[in-house]
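Given the structure is predicted, the values throughout are model-derived calculations rather than measurements. Sequence lines set the chain letters: A, B, ... in the order given, protein chains first and strands last, and positions in each chain run from 1.
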Amino acid sequence: MIAFLRNTWRGLTSMRTALTLLFLLALAAMPGALLPQLSLNASKVDEYVAQHGWWGDLLLKLGFFEVYATPWFAAIYLLLFTSLVGCLLPRTWEYFKQMRAKPVLTPRNLSRMPHHVQAELDVTPEEAVARAKKAMRGWRMETGEGTVSAERGYLRETGNLVFHFALLGLLVSFALGKMFSYEGQVIVQADGGQFCNGGIFNYDSFRPGLRIDGTDLTPFCVEIGKFSAEYLENGQPVGYQADIRYQSGEDLQTNTWKPYNLQVNHPLRTDGDRVYLLGHGYTPTFTVTFPNGEKRTQGIQWLPADQRTLASEGATKFDPPGVTDSEQRRKNQIAVTGLLAPTPLLHGGILNSKYPALNNPMVAVDVYRGDLGVDDGRGQSIFSIDMNMVEQGRLQKVARKNLALGEEIALDDGTKVRFDSVNDWVSLQVSHDPTQGYVLVFAILIILGLGVSLTVKRRRVWVRATPRDDGRTLVEVGGLARTDQAGYGEEFTRLARAVLNEEKS
Amino acid sequence: MPVDETLATYSDWLYRSALGVYLFAIMLYAVEQAFARAPRKKALVGAGAPIPGILTDEPKSELSRTERIGRMGAALTVLGALLHLGSLVMRGLSAGRAPWGNMYEYMSLLCLAAVVTWIVLMAKFPIRRLGAFVLTPILVLLFLGGTVLYAESAPVQPALRSYWLVIHVSVISISSGVLLIPGVTSILYLLKDSKADRFPKLPSADVLDRMSYRTTVIAFPLFTAGIILGAIWAEAAWGRFWGWDPKETVAFVSWVVYAAYLHARATAGWRGRGAAWINVVGFALNVFNLFFINLVTTGLHSYAGL
């Protein structure tokens, strides 16, 4: 039994197994790049599964659409992890022994070394040894009777171990980060819209780590002020920015706001959370004047349908005011849907947008009246109306028109819909990851360790001076690079020249 | 910021001239490779051999005609690299930003890194005649970049307006370019390393293996740093340092493959052919990452496209 365990352990920690596991890891990670992933784009996954029949279902069951969360992916990296630990422990032990060890004694036959030169010199053996010691200053040296053995490049193993331990550290911090991090997105109206990190429900979408239940998010608030964007002539955006105010920590008690200029690539970092400016769009505001004279004004974000021109689509929904009977109310709900063109381009009455900035914006709207179906308990997109209601005839299109700012449509029952104004909205992302600082530290150690271990070479030099009968001295120099011979030749040549050829020149 | 059209035009001219010069260099290298005699099998230089340059001085032989053609090829390669560099500099000046903001410019920088690596290697190893094998894939990449993937000189979109564009993209591009060389030399190694020795004119398998290793060892830490710099930028731009975006994933996979290469070279049974195959796979993954991930899949790196 013990033998079995020992053999398993040895097998697991051998280089060959590590190599196999590295391949498996590479192979297993690939589907994540080739197949749509749930964490990146869930609707694409649905589409893929629907298109590929049993094959799609099988891939779904085997977890190919969430590769990095599957048991088989975890199994590979945990085995690799174990193998790495098993490899590192004995090496660390060995390393500390090596650190105190003396360079190996000069071998009897230096001519067997990969690098070797010899010469007869007019010096005494003692002088030859002294000269060798001078040439190899900075090396770890051991002098014997007429010999010097020297070794250097211990940093290689140091770097190698630092690299591998940093890799372990990075993986552990990454895993912990997955437990305690969260990410949430929210759309906030510019010119005064506020968002507070009070709970999950304040977000439009929220992705929690495994140990986050959303009950104790760090509180902070942001208020979006003026948003501005800059575009090239062809509509390509050049830069976005939003002037915001925020409060966090003690400022929440004292109700103090601090200003910040939020830009792409310049997130707001406050109290362990980061707030990013991801994108923006437009919010048209409509005022509906009902037949009884009451007015309702509403502005809700529309979704950019074309990123280049920011032609946006959406649905602004109204409830008739003062109607308490739910039956009556549901017959007279109003939705204004259609297309918003920031810079209108009219082509035979068909509205489109030619530029993303606001320039006498227009809307092409369809006005629906009837039952919007918002009361039946099912969630509904804020950007569109429920087409089932239209198909069932419970929601009817009652008008269609292009409107410029301030223009209005009159419906058959005397209701009026006016297009008031257009404002900006911004989409924000809030990210929280308590371990990312550690990940960064380990990443830096990885680069340093790797650089050192791949550039430093562990190498040895031996010198032996043997007195000759004629009074001269035979000086031999042998060299061996312990890890990789490549590139040692030049240095050895230089050293050997210092030991042998100095007085010849 | 307005684009300076004149400089942009100069940049395009220089790019095209560099391509022409490279093509000419390839032809000269090919002539040298075709007409050179296979290296004579020298007696094994083993124990006790004198240090070259210290104790003996080999008399310099007269340059043969083929050798002179090869040297012209090398000189043209240097000239091509200078024109190539000039085209990138002009591009950068005309757009007023680092000249690696789209796929055309990225590939141009990548190829320049590969050419410069090759020039350095030519100075260190007796491998000049392989120039045709190395420059051909580079020329193909440059040609694709200059035709189907060509993009006008223009500013970049907001997410790319960051000093990280300068750092991350250049490091990744340069390290990928350097890694192109061991990819090619590993393929040559696989051709050379057979019992029959069907390619007597190629340098010895040992030289090819050492070249591959030494180049990979320089590029790998650079590539690692490039990925990590990308992660740091991603944290500032996208709200997380790692999100398994397709580009990130394939970069991770090829990182693992190059790590496997380094381990394979220290593992009995994997040295030599095994390691060479792994290096070729790593190179293939980099090419895949450049073309497939940029052009076919959609991810956050999509704007790296055209």
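- For the atom pair CG (A:L25) and CH2 (B:W255), the distance works out to 9.5 Å, reported to the nearest 0.5 Å.
- Rounding to the nearest 0.5 Å places CG of B:L229 at 6.0 Å from CD1 of A:I447.
- In this view, A:E66 satisfies the salt bridge (Lys or Arg N to Asp or Glu O under 4.0 Å) rule with no residue, not counting sequence neighbours.
- Heavy-atom pairs under 4.5 Å with chain B were tallied for A:V264, A:T455, A:L19; the largest tally goes to A:L19.
- Contact of A:V439 with chain B is made through the side chain alone, with heavy-atom distances under 4.5 Å.
- When the options B:Y163, B:W233, B:W238 are evaluated for a side chain to side chain donor-acceptor pair (under 3.5 Å) with A:N265, the one that passes is B:W233.
- Annotation: maximal heavy-atom pairing with chain A below 4.5 Å, among B:F252, B:F220, B:F241, occurs at B:F241.
- For B:I227, no part sits under 4.5 Å from any heavy atom of chain A, backbone or side chain.
- Side-chain contact between A:Y68 and B:W242 is absent, with no heavy atoms from C-beta onward closer than 4.5 Å.
- Looking at every heavy atom in both residues, B:V250 comes nearest to A:A33 through CG2-CB, 3.6 Å.
- In this structure, the separation between NE2 on A:H266 and CZ on B:R161 is 11.0 Å, given to the nearest 0.5 Å.
- Ring-plane geometry between A:F73 and B:W244 is classed as perpendicular, the angle between the planes exceeding 60 degrees on a 0 to 90 degree scale with a lower cut at 30.
- Atom CD1 in B:I232 sits 6.0 Å away from atom CD1 in A:I444 (nearest 0.5 Å).
- Contacts of B:V156 with chain A are made by backbone atoms alone, with heavy-atom separations under 4.5 Å and no side-chain atom involved.
- A distance of 5.0 Å separates NE2 in B:H263 from CE in A:M15, rounded to the nearest 0.5 Å.
- Taking both residues in full, the closest heavy atoms of A:A26 and B:V257 are given as CB-CG2, 4.1 Å, listed atom of the first, atom of the second, then distance.
- Between B:W270 and A:F23, the ring centre distance stays below 6.0 Å.
- Taking the side chain as every heavy atom from C-beta outward, A:L454 and B:R214 never approach each other to under 4.5 Å.
- Within the 4.5 angstrom heavy-atom criterion, no atom of B:E248 approaches chain A.
- Interface residue A:I446: only side-chain heavy atoms are found under 4.5 Å from chain B.
- For B:I278, the part lying near chain A is the side chain, with the backbone staying farther off; criterion is any non-hydrogen pair under 4.5 Å.
- Only the side chain of B:F288 comes within less than 4.5 Å of a heavy atom of chain A; its backbone N, CA, C and O stay farther away.
- B:L222 does not touch chain A: none of its heavy atoms, backbone or side chain, sits under 4.5 Å away.
- Using a 4.5 Å cut-off between heavy atoms, B:W164 does not touch chain A at all.
- In this structure, no portion of A:L21 lies under 4.5 Å from any heavy atom of chain B.
- Salt-bridge annotation for A:E490 and B:K124: absent, with no side-chain N of the basic residue lying under 4.0 Å from a carboxylate O of the acidic one.
- Counting only heavy atoms from C-beta outward, the side chains of B:E235 and A:R274 approach each other to under 4.5 Å.
- For A:L27, no part lies under 4.5 angstrom from a heavy atom of chain B.
- For the set B:P246, B:G239, B:A237, B:P221, the entry with the most heavy-atom pairs within less than 4.5 Å of chain A is B:G239.
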Q: Mind running side chain to side chain contact (heavy atoms under 4.5 Å, CB included) on B:T249 and A:Q37 for me, showing each step along the way?
A: CA-CA 12 Å; B:T249 304; A:Q37 296 291 299; over 6 Å; no
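- Residue A:R16 touches chain B through both its backbone and its side chain, counting heavy-atom pairs closer than 4.5 Å.
- Within a 6.0 Å sphere centred on CZ of A:F174, other residues, nucleotides and ligands contribute more than 12 heavy atoms.
- Rounding to the nearest 0.5 angstrom, the gap separating the CZ atom in A:F163 from the OG1 atom in B:T224 is 6.5 Å.
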